[in-house]
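Reminder, nothing fancy here: chain letters follow the sequence lines and each chain counts from 1.
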Amino acid sequence: MPIPVSKKPVRVRVAPSPTGDPHVGTAYIGLFNLAFARSHGGQFVLRVEDTDQKRSTRQSEEAIYRSLRWAGLQWDEGPDIGGAFGPYRQSERSDIYRTHVQLLLDSGDAYRCFCTAERLDHVREEQRARKETARYDGFCRHLDPHESDARAVNEPHVVRLKFPQGGETVVPDALRGGVVYDNGQIDDQVLMKTDGLPTYHLANVVDDHLMAITHVIRAEEWLNSTPKHLALYAAFGWDPPVFAHMPLLRNADKSKISKRKNPTSLEYYQRAGILPEALLNFLGLMGYSRKDEQGQDVEKFTLDEFISDLDLQRVSLGGPVFDLQKLDWLNGLYLRAMTPEALADRVVAFQREDGRHGQAAHLVQERVTSLGDYGDHAGAFFRGTLEYGLNARYFVVGATSRKKTAVRLTRAASRAFFEDCLAQLETVIDWQPAAIEAPLRAACDKAGVAIGDGLMAIRVAAMGRPAAPPLFESLQVLGRALTLARLRVVCGLLADPNFLQRSLADVEAELTAARAARQDPTPTPEASHA
RNA sequence: GACCCCAUCGUCUAACCAGGUUAGGACACCGGCCUUUCACGCCGUUAACGCGGGUUCAAAUCCCGCUGGGGUCACCA
């Protein structure tokens, strides 16, 4: 049973929320949408879902454009390039949603709800206490329309979908067949918030319809809310699109991919020197596989090849673990396939990106003794994660301090310190030295450690060794994505109760290796001259 | 907890839908070759159908149950 495609031109979309760093999951879903559109001669739309006023930012939106373009996922219509179905930024479509909510209010498919947040919390708490599924209890569902109209004039309220009671809803998922839900356990979803902006559910349905989206290819986390979306399509009298829910990318422990356990920011991969074509290739291997004429699995392929024989039905639904090792291998494959000249060009272009090359030179200038020395000092700016080896001992804050009186944190306290630094730095959007310095100093104070000791731990985490250019400037050049990723790695290392033992074992191993090297009888060329 | 999804080597997956394969490939790992070293490359080894019932001459494949993993249960998306 192939994916249903009607005579209408295929139109798909990717709809990120600009509330943080550009996510690798967006690229994953974007890739399959783009490829599906291309393989059917259709359009690929980028829609910005910025209805969460508190969390959405323009910086994040811009970063999403940059990262998606970098990855090679160019959209046919979007906020920045326009199109026949705009605007493509939901915050600019408020009137449309208001009109549509009114339609539902008039038809009785939605109702105003005046319940306070406190009451809702209370209800949920009681339900939890009774071990019931937490859901809205329908308190305002049967309010008299006249009373509702009157109260709406000066009382804050939301609008809820009057979800049909009784019976069941079957979600036709192109990858799974029909998924059956008991209507009795689906509650009346909020469609419009007190601030007058729509929730995802309303905006998504209205926009998908108005933008003539034919196929909704999105992450599996949306599967359970599809009955509500179907109810909305029915209430409006619209034909729903074809739904296909993709598996979620996973961490090594199989949980949904998260920044704590994996680099999830596309900027990380860009700045870590991953080629966009390799990243896309790798994502195309997640939950999917291609074969050659002989029927053998193919690991390396171009976007065009991926598009040429994409068959969504072949998507395997087990959640694929995002394996960085395989990404690295694939990236290496691409690098080796280039001519040396092309590689050289690529490297130069990469180092010049974001002005990193120039900035790095500025920072390491005082430290280099020769031109060739540069790479040794600046290398850490251009890598993803670092090998710490013996230097991991610096992560125990204060442990390496020369002062006898220095405060030395325990492993757990050091971890708390790193977590604190990380949490603070995550809120720093304008990545400037001063903005980076303040929270780090505060974290040192909070942990009760000397500034120098605390910053040394951060320095080694970020730069891989204790001898490095001034920290805040270094972090600036390193960039937000790489800095945060490295701190998260160290938090992970410190979470291991055996961290100290392990690093001591590493010390032992390295000393042994060094000793063996010294006793190596092989004469050096210099020695043979003597 | 309720509901929903999912289930092949450690990881990504093929074979499943249209039952009959020594269960194939890739990453990683281990070993070897190549090589002044490392890397690359090449060769090879180890490694999986979660468990239990059915259906069938025959089950990784179809059905049921269990177990396990995941997701969702927001005025976030």
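Looking at E62(A) and R66(A), no side-chain N of the basic residue comes within less than 4.0 Å of a carboxylate O on the acidic one, giving no salt bridge. Residues E77(A) and R89(A) are not paired through a salt bridge, judged by the lack of any N-O separation under 4.0 Å between the basic side chain and the carboxylate. The pair K256(A)-E221(A) meets the salt-bridge criterion, with a side-chain N (NZ, NE, NH1 or NH2) lying under 4.0 Å from an Asp/Glu carboxylate O.
Here the CD-CG distance, from Q185(A) to N224(A), works out to 9.0 Å after rounding to the nearest 0.5 Å.
Taking 3.5 Å as the limit, the base of rA26(B) and the side chain of K326(A) contain a donor-acceptor pair of atoms between them. With hydrogens and angles left out, the side chain of R55(A) and the base of rC76(B) share a donor-acceptor pair within 3.5 Å.
Distances shorter than 4.0 Å separate none of the side-chain N or O atoms of R112(A) from OP1 or OP2 on rC75(B). OP1 and OP2 of rC12(B) both lie 4.0 Å or more from every side-chain N or O belonging to S289(A).
Contacts between residues 276-287 of chain A and RNA chain B, counted as heavy-atom distances below 4.0 Å, involve L285(A), M286(A), G287(A). Of the residues in residues 242-262 of chain A, L248(A), R250(A), K254(A), S255(A), K256(A) come within less than 4.0 Å of RNA chain B through at least one heavy atom, sorted by number. Annotation: proximity of residues 291-304 of chain A to RNA chain B (heavy atom, distance under 4.0 Å) is found for K291(A), Q296(A), D297(A), E299(A), numbered in ascending order.
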Measure all distances between protein nitrogen or oxygen atoms and nitrogen or oxygen atoms of nucleotides 40-43 of chain B, and list the pairs falling under 3.5 Å.
unit_1, atom_1, unit_2, atom_2, d
rC40(B), O3', R336(A), NH1, 3.3
rG41(B), OP1, R336(A), NH1, 3.2

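Figure legend. rC3(B) is base-paired to rG71(B); pairs are counted as Watson-Crick or G-U wobble with both atom distances under 3.5 Å. Base pairing analysis places rC42(B) opposite rG32(B); the two distances defining the Watson-Crick or G-U wobble pair are each below 3.5 Å.
Look at the C1' atom in both rU61(B) and rA7(B): the space between them is 14 Å, to the nearest Å. Atom name C1', nucleotides rG65(B) and rG71(B): the rounded distance is 23 Å, in whole Å. The P atoms of rU8(B) and rU45(B) are separated by 24 Å, rounded to the nearest whole Å.
Under the side chain to side chain contact (heavy atoms under 4.5 Å, CB included) criterion, Q90(A) pairs with R47(A), E49(A), D50(A), T51(A), Y97(A), A203(A), D207(A), not counting sequence neighbours. Listed by chain and number, the residues in a side chain to side chain contact (heavy atoms under 4.5 Å, CB included) with N391(A) are R393(A), Y394(A), V460(A), R465(A), P466(A) (sequence neighbours excluded). Scanning for ring-ring contact (aromatic ring centres under 6.0 Å, His included) contacts around Y233(A) gives an empty result, with sequence neighbours left out. P263(A) is linked by a side chain to side chain contact (heavy atoms under 4.5 Å, CB included) to Y268(A), Y269(A), L324(A), counting only residues two or more places apart in sequence or in another chain. In this structure D311(A) satisfies the salt bridge (Lys or Arg N to Asp or Glu O under 4.0 Å) test with no other residue, sequence neighbours excluded.
In this structure, R218(A) forms no cation-pi arrangement with F32(A), as its terminal cationic atom is not both closer than 6.0 Å to the ring centre and no more than 45° off the ring axis. Cation-pi geometry between R13(A) and F44(A) is not satisfied (NZ or CZ under 6.0 Å from the ring centre, within 45° of the ring normal).
Within the nucleic acid shown, V180(A) comes within 4.0 Å of sugar-phosphate atoms alone, with no base atom in reach, counting heavy atoms only. Looking at heavy-atom distances under 4.0 Å, R314(A) makes contact with sugar-phosphate atoms alone, never a base.
Note: CD (Q189(A)) to P (rU72(B)) measures 14 Å, nearest angstrom. Nucleotide rG71(B) holds its P atom 19 Å from the CG atom of L175(A), rounded to whole Å. Distance OH (Y200(A)) to C1' (rU72(B)): 13 Å, rounded to an integer number of Å. If you take NE2 of H229(A) and C1' of rA77(B), they are 10 Å apart, rounded to a whole angstrom.
Residues A244(A) and L175(A) approach most closely at CB-CG, 4.1 Å, considering heavy atoms.
Checked against the 6.0 Å centroid criterion, the rings of F322(A) and F282(A) qualify as a close aromatic pair.
Summary of the strand contacts: Q185(A) and K54(A) both lie near RNA chain B, and taking for each the nucleotide with the nearest heavy atom, the more 5' one is attributed to Q185(A). Heavy-atom distances to RNA chain B give each of R176(A) and D195(A) a nearest nucleotide, and the one nearer the 5′ end belongs to R176(A).
Sequence neighbours left out, the pairs with a member in residues 195-226 of chain A that pass ring pair (Phe, Tyr, Trp, His ring centres under 6.0 Å) are F36(A)-H215(A), Y200(A)-W222(A), Y200(A)-H229(A), H201(A)-H229(A), H209(A)-W238(A). Applying the ring pair (Phe, Tyr, Trp, His ring centres under 6.0 Å) rule to pairs touching residues 150-193 of chain A yields F114(A)-H157(A), sequence neighbours excluded.
With 3.5 Å as the limit, one finds a donor-acceptor pair spanning the side chains of D109(A) and S107(A).
Distances from the side chain of Y181(A) to the nucleotides rC3(B), rU11(B), rA77(B) place rC3(B) closest.
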Note to self: Treating primed atoms plus P, OP1 and OP2 as sugar-phosphate and everything else as base, which nucleotides of nucleotides 46-51 of chain B get B, S or - for protein heavy atoms under 4.0 Å?
What the structure shows: ------
